[in-house]
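Written below as structure tokens is the structure these notes are about.
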Protein chains: 2
Amino acid sequence: MASPITGSFQLMKSLNRSVVLNTIRIHGAISRSEIAKKTKLTPPTVTNIVNELIDAELVLESRSGKSNGGRKPIILTINSNSRYIVGVDVGVNKVRLAVTNLNGEVSKRKVEPMPVSKALNEEEFLLFLKKILHSFLEEVSEGRDKLIGIGIAMHGIVDHEKGIAIHGPTLKLEKVPVKDVIEEEFNLPVRVENDAKALALGEKWFGAGKETDHFVCLNVGEGIGGGIVLNNRLFHGNNSLAGEVGHTIIDLNGPTCSCGNKGCFQTLASGQALKERASKKIEEGVETELTKIGNREIEGQVIYEAALKGDVVAKEILRETGEYLGLGILNVIHFLNPSMIIVGGGVSKAGSFLMGPITETIETRALSFEAQKTRIVLSDLGEEGSLIGACTLVLSELFTHEHGNT
Amino acid sequence: MASPITGSFQLMKSLNRSVVLNTIRIHGAISRSEIAKKTKLTPPTVTNIVNELIDAELVLESRSGKSNGGRKPIILTINSNSRYIVGVDVGVNKVRLAVTNLNGEVSKRKVEPMPVSKALNEEEFLLFLKKILHSFLEEVSEGRDKLIGIGIAMHGIVDHEKGIAIHGPTLKLEKVPVKDVIEEEFNLPVRVENDAKALALGEKWFGAGKETDHFVCLNVGEGIGGGIVLNNRLFHGNNSLAGEVGHTIIDLNGPTCSCGNKGCFQTLASGQALKERASKKIEEGVETELTKIGNREIEGQVIYEAALKGDVVAKEILRETGEYLGLGILNVIHFLNPSMIIVGGGVSKAGSFLMGPITETIETRALSFEAQKTRIVLSDLGEEGSLIGACTLVLSELFTHEHGNT
DNA sequence: AAACATTAATTAAATTAATTAAAAAAGATT
DNA sequence: AATCTTTTTTAATTAATTTAATTAATGTTT
């Protein structure tokens, strides 16, 4: 068992510092006395901590608030432009880069295509990563001294503690020490995380999960990744494998998955599943807009567009996929019973067609009345979710207290 | 969001008190200086806390240890007989009662049959519970002043915070305020919990999960209940529904479950599933010992006994069930990636026949090498697991620190 | 308009409980 | 017998919160 957390003055201090800082962050604008009320800290404690945060340039005294029949409160805000973070989202076909401030606001972004993706070996991949980071950093206008770290989100299994990409399904990489290599190259703190987990963290800090203690975030793209937030923190499990919901089996005799098993959730409810349903319909010779798309590949985007135009077959494909998504989500509810489930990733663009079937499935099938009412929402952050999550990897350490004994 | 935990002197004290107490509990016998080394608390802090614990009669200075080239250490142990707890496990057909000391050791036990179970309404159930508790307490020899509480485990969905039995599948009870009623009657603290979660807690404190931070405990009986332990604590989710793994769907087109859905885990891998497989084989006219059991009902126990005698069909039924259990456990691994999975409940008696197929399924199908090595173990506590867990409900509050702000 | 009340923030003293440093207790070693 | 070790305790110190009192700024009432 891990050594327990013991009480000490440092723990007390760092706990309260982070409570105050996060209270300011979450409220956006708040006075010292309100912080004291909300956190049950005493006013002098709040004053002391706030003054330290102002000295550290993390907090600003902005304006005076409205008096409530006495002295006007001084409104505090996060000094959001005092530091910034570079985030990277390594996707299958492209790499996204962004700069955000402490508020998760993007001030610069860039998309690089993945060079002949399949062929990259470990060395080439790391070289490519260094190259695009160097050129991106040169274009950044903020002072280099204000950059506090680089966050990297990537698909596949990632050991976030050691910062190692353990296994990627498309990039054929095994145990790549991304963190160490990039830290060495740029002499900055680097954090690496699985993209679905990064997305979940992004949603916790700046998206739909802001106010929720426990939730599960599904990244529904070509596969289905999951990020689990429990007690406001990402849950990784024993080998960083927690949240691999895409590979939970929901149909024993279903289609074969890339992992070798049959009927994995992602064979039935991902972008891949959409494509396969479409191909099948076309083979069957059903009349649909989907046959008239010329030489564009039939993928999620195309099906969504056809559905928007009113194509019955496309709509049916989306409805069916939504039902399966609902079933997988039902399993999540009966497993962990989170207060909220956030659906993100490429497929979530078609949310308007999916949400109906999802909620219907859950309302008719969940075990208890309360479970039936589990909030299912679409991602707030859209296609940049994992990227913003990547930045949040660095951010969260700035705001979170350090345990006394590591 | 719940109000955050802030640092205070009480928090520091209560945290360290519980760390010291639990270190003594887990090690059984340990000196002050060893506690200091293990917890990284300083020796004076340990001395102070230990002396308080001795004053509170929770800890004893027992004997002197072996000198390591200097002053002999004074060995400390939990004063396990200074308090005791009454536990109740409300099953489908019977109610178990027990008295344990602080070490989870049972000093007295009793089993009461459930009176014509199906007919009990809320009032009758509570009356019955009061009656058997009164008569059990009269038989208890330990002084009433040393009794610190009553713990109640029961099947179905339980709101452990309010102590309400929300829904029971066999007892037709809805929202029964068990805690309030029994507290009023006996003027003692009462804690109520779902039986699978109680079992998990029991395993955490006194069984196979003692040394493990995150694990999932499956209670495989007629149905399959689950208890999730994360960061050494039971996880309940938003509506006490977390861990209802028995109702996660693994075969979309499988048999219909009592909950109305198809292919729930428990339709394929529980005692119920064993029975149904046996009936089917008999109907098919396969030659087996199972047909010769006279008028005993064909249930798990009978199948297990036949398998022990070498009956091929019974063995095959158990093997098949083990495979399905393995599949469900695989889903748990890909969901939460716990370091350990504990299999308990009635069906676990047949563990010798089940473990092979379970581990084989996981080793061939898990996503990563580490996941394939997830420890799958049988319950340490046997059929009294939930009962001991019921006692632990009360115990854990004695040993666990209170958050400063409730 | 002056006096009073209210709310916000700060300062100073008191308190809590850990930590540091030193000493005492009890043996072991040479 | 003298010295070194390990365990435990005592006394002094320190870090951070808490309590109580104070200052600041504004609103309300007479």
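Any value given below was found using the heavy atoms of this structure, including those in side chains, with hydrogens, waters and symmetry copies removed. Within every chain, numbering begins at 1; the chains are lettered A, B, ... in the order of the sequence lines, protein sequences first and strands thereafter. Please read these numbers as outputs of a predicted model, since none were measured by experiment.
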Parallel, tilted or perpendicular, as decided by the 30° and 60° cut-offs, for the rings of A:His214 and B:Phe235: perpendicular

Sugar-phosphate, base or nothing in reach of B:Asn48, heavy atoms under 4.0 Å: nothing

Between D:dA25 (P) and A:Arg71 (CZ): distance, integer Å: 6 Å

Pair A:Glu142 + A:Arg83, salt bridge at N-O below 4.0 Å: no

Shortest side-chain distance from A:Lys13, nucleotide among D:dG27, D:dT9, D:dT17: D:dT17

Touch class at under 4.0 angstrom, heavy-atom based, for A:Lys37 against every strand present: sugar-phosphate

Whole-Å gap separating P (D:dT18) and CG (A:Leu41): 7 Å

Nucleotides bounding contact with chain A, strand DNA chain C, heavy-atom threshold 4.0 Å: C:dT6 to C:dA18

Parallel, tilted or perpendicular: rings of A:Phe9 and B:Phe9 (30°, 60°): perpendicular

B:Asn337 versus A:Asn239, side-chain donor and acceptor atoms under 3.5 Å: yes

Closest-nucleotide ordering on DNA chain D, the 5'-leading residue of B:Glu61 and A:Asn68: B:Glu61

Given DNA chain D, 5'-ward residue of the pair A:Pro44 and A:Gly70, judged by closest heavy atom: A:Pro44

Sugar-phosphate, base or nothing in reach of A:Thr45, heavy atoms under 4.0 Å: base

Separation of D:dA16 C1' from A:Gln10 CD (nearest whole Å): 11 Å

B:Lys108, NZ: over 12 other non-hydrogen atoms inside 6.0 angstrom: yes

Short side-chain N/O contact from B:Thr47 to OP1 or OP2 of D:dT9, under 4.0 Å: yes

Flag for B:Glu105-B:Ser80: side-chain donor and acceptor within less than 3.5 Å: no

